[in-house]
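Here the structure comes first, spelled out in structure tokens, and everything after it is commentary.
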Amino acid sequence: MSNYALECINLNLMFKNHHAVKDFSLQVEKGKTYGLIGPNGAGKTTVLNLLTKVYKQNSGDIFLNGKNTKKMDSTQINRHGIARTFQNIRLFKEMTVFENIVVGLHNNQKYSLFDSIFRTPKYFSEEKKIRERSLKLLSIFGIEDKADCLCKNLSYGTQRKVEILRALATEPLILLLDEPAAGMNSSETMNLFEVINKIKNEFEMMSFIVIEHNMNFIMKICDYIYVLNHGETIAKGKPEEIQNNKEVENAYLGGQYAENK
Amino acid sequence: MKRQNIYSFLISILSLVFGNFIIGSGFISNSYKTVILQIGIYLIASLSLNFTLGYLGEFTLGHAGFLAVGAYTSALLVKNGMNFLIAITISAITSCLVGYIVGVLSSRLRGDYLAIASLGISEIIRIFIVNIEIFGGPKGLKSIPKYSNFLLIYSLVILSFVVFKLIIKSKHGRTIIAIREDEIAVKSLGISTKKYKILAFCVSAFFAGISGALWAGNQGILTPGEFGFMKSVEILVMVILGGIGSMTGSVISTGLLVAFPVIFQIFIPNMNKYRMVIYALILILVMILRPSGIMGKKEFKLKNPGGNENE
């Protein structure tokens, strides 16, 4: 029905009496990067949760590649091409980096329980294939040497990278990044910036939706930005336009400050 | 095959043959023999519970239900003249079906609610058995042919250990462990967690059914009272004491706990009346000193993966 990879029309979500998301609309083109910004509690993560069906919208439609996602659950959403990372990293902490990536590659492994109990040749060939693929993924960020480390022993920045790789392993069309730079220092953030650029070059048709508080980062990386406050979209536009928007300044700094200025 | 695996295989076979020889030769008194056979039966039960509790991370209180299904199915079939190997297989499959139900429940309920629901299912099974004529009612089934011998029990112990190990080291096992770590993340990766929860419960119940069938063939008599809440707790204690998520831990603690009365008898024979007090004290002490169990999540690594399967 459209050329958009993802299209949301008038999404609404109520938590009891609280209107968490109000008439949110979004069009995502292939290969572009979109930013979602706004003060704390503006509903940014809630929007991502709506897109990945952690919550179900009260009204409105989400079209993924032209398909209505109304009847899908999070699992199917991923199979139709949305992968995400989480605000508070959700890695499998007791498992190794390699195993984390392999779980992401799960739907590419084609062997049955029978194959794994009887260790058929198919099991070995599939496992070998998967090992190579996951090492190839790890090589994007140059962290092959960490493959056998337990995730809980990794630094914060590396954990973020692993989580992004794990999401990439599912071969998404759209990658949702929820505060990828949260808790990072400036050099780590720069590094993350390079990392995301690298992925953009590697997978040209992939779109990104990024939530981030670091303005430098978001202005540099996004093609288009949506600003949310109290669940409403208060502004949208190219990074330059957003930077000069009075209303955005108000939302971020509080009305008074803006007036005094 | 890796060299270590070949060693493990050879050692398992050797210890099976050796153990069978010792048991058959009459060196060991009958009471010890009973304990050794019971350890084997409990081993399969605790290994299977460890699969859902330790690897899938779902807390259930109904493991005795699976045992009961396995035990009664096999007892009835063998009494009616069926070959016991086929009977054990059928009872494992029957128990697996009950596991399917618990698996479906586990995908809808979580935590404490699942524990209560699984307890409910095992009670339903028990009461079902009590009230159906063919199962002998509350008096139970008598004169079941005693088909469980050392070789059969310990072959199945090794089989179940190996099968669990093989599943854990495959994509199925990885996904099951990932569900324990973070279910939401697994869902976000396009994996149906429901499918894997059901799978884990089916495999677990399958082996619990085998354990039950061996139980029936070992006792020769079955009463529904045996498969109550306390039996589930007994197996649960073995898993928790050994370390949730450590198969060798389960093996060690099952061996110790089942053999406890005998060990007690040997070392401090004149304190027999304080046995249960000391049993409880040991449990409390282990939990204080090693809160995550004897082995934690680690595996005991020697060339013999079966640990003390021969005692």
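Owing to the predicted nature of the structure, the values given are computational and were not obtained by experimental measurement. Atoms considered below: every heavy atom in the structure, side chains included; atoms not considered: hydrogens, waters and symmetry mates. Proteins come first, then strands; the chains are lettered A, B, ... in the order of their sequence lines, and each starts at number 1.
- Listed options A:D115, A:L91, A:L113, A:T52 were ranked by heavy-atom pairs under 4.5 angstrom with chain B; first place goes to A:L113.
- Interface remark: A:T170 contributes side-chain atoms only to the contact with chain B (heavy atom separation under 4.5 Å).
- Counted within 6.0 Å of CG on B:D112, heavy atoms from surrounding residues, nucleotides or ligands total 12 or fewer; the atom is thus considered open.
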Give the table of side-chain donor-acceptor pairs shorter than 3.5 Å for residues 92-105 of chain A, with sequence neighbours excluded, one pair per line with atom names and distance.
residue, atom, partner, partner atom, Å
A:T96, OG1, A:E99, N, 3.1
A:T96, OG1, A:E99, OE1, 3.4
A:E99, OE1, A:T96, N, 3.0
A:N100, OD1, A:F92, N, 3.0
A:N100, OD1, A:R166, NH1, 3.4
A:N100, ND2, A:F92, O, 3.2
A:N100, ND2, A:T96, O, 3.1

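- Taking 4.5 Å as the heavy-atom cut-off, the residues of residues 176-187 of chain B that approach chain A are B:I177, B:A178, B:R180, B:E181, B:D182, B:I184, B:A185, B:V186, B:K187, ordered by number.
- Atoms CD and NZ, on A:E127 and B:K169 in that order, are 11.0 Å from each other to the nearest 0.5 Å.
- Surrounding OH of B:Y100 are at most 12 heavy atoms belonging to other residues, nucleotides or ligands under 6.0 Å away.
- Of the candidates B:V162, B:V203, B:V163, A:I117 forms a side-chain contact (heavy atoms from CB on, under 4.5 Å) with just one, namely B:V163.
- Heavy-atom neighbours of chain A within the stretch residues 84-92 of chain B, taken at a separation under 4.5 angstrom, are nonexistent.
- Contact count versus chain B (heavy atoms, under 4.5 Å) is highest, among A:Q76, A:Q109, A:R84, for A:Q109.
- Heavy atoms only, all atoms of each residue included: A:R119 and B:S170 are closest at NH1-CB, 4.2 Å.
- Between the A:N107 side chain and the B:I191 main chain, no donor and acceptor come within less than 3.5 Å of each other.
- Taken from OG in B:S188 to CG in A:L48, the straight-line distance is 11.5 Å, to the nearest 0.5 Å.
- Residues A:R79 and B:S192 approach most closely at NH2-N, 3.9 Å, considering heavy atoms.
- The parts of A:Y111 that come within reach of chain B are both its backbone and its side chain, each placing non-hydrogen atoms under 4.5 angstrom from that chain.
- The environment of B:Y113 atom OH is sparse: at most 12 non-hydrogen atoms of other residues, nucleotides or ligands sit within 6.0 angstrom.
- Within residues 129-141 of chain A, no residue approaches chain B closer than 4.5 Å by heavy atoms.
- For A:K71, the NZ atom counts as loosely surrounded, since its 6.0 Å shell holds 12 or fewer non-hydrogen atoms of other residues, nucleotides or ligands.
- The most heavy-atom pairs under 4.5 Å with chain B, out of A:S112, A:P172, A:A83, come from A:S112.
- Residue A:T85: no heavy atom, backbone or side chain, is found under 4.5 Å from chain B.
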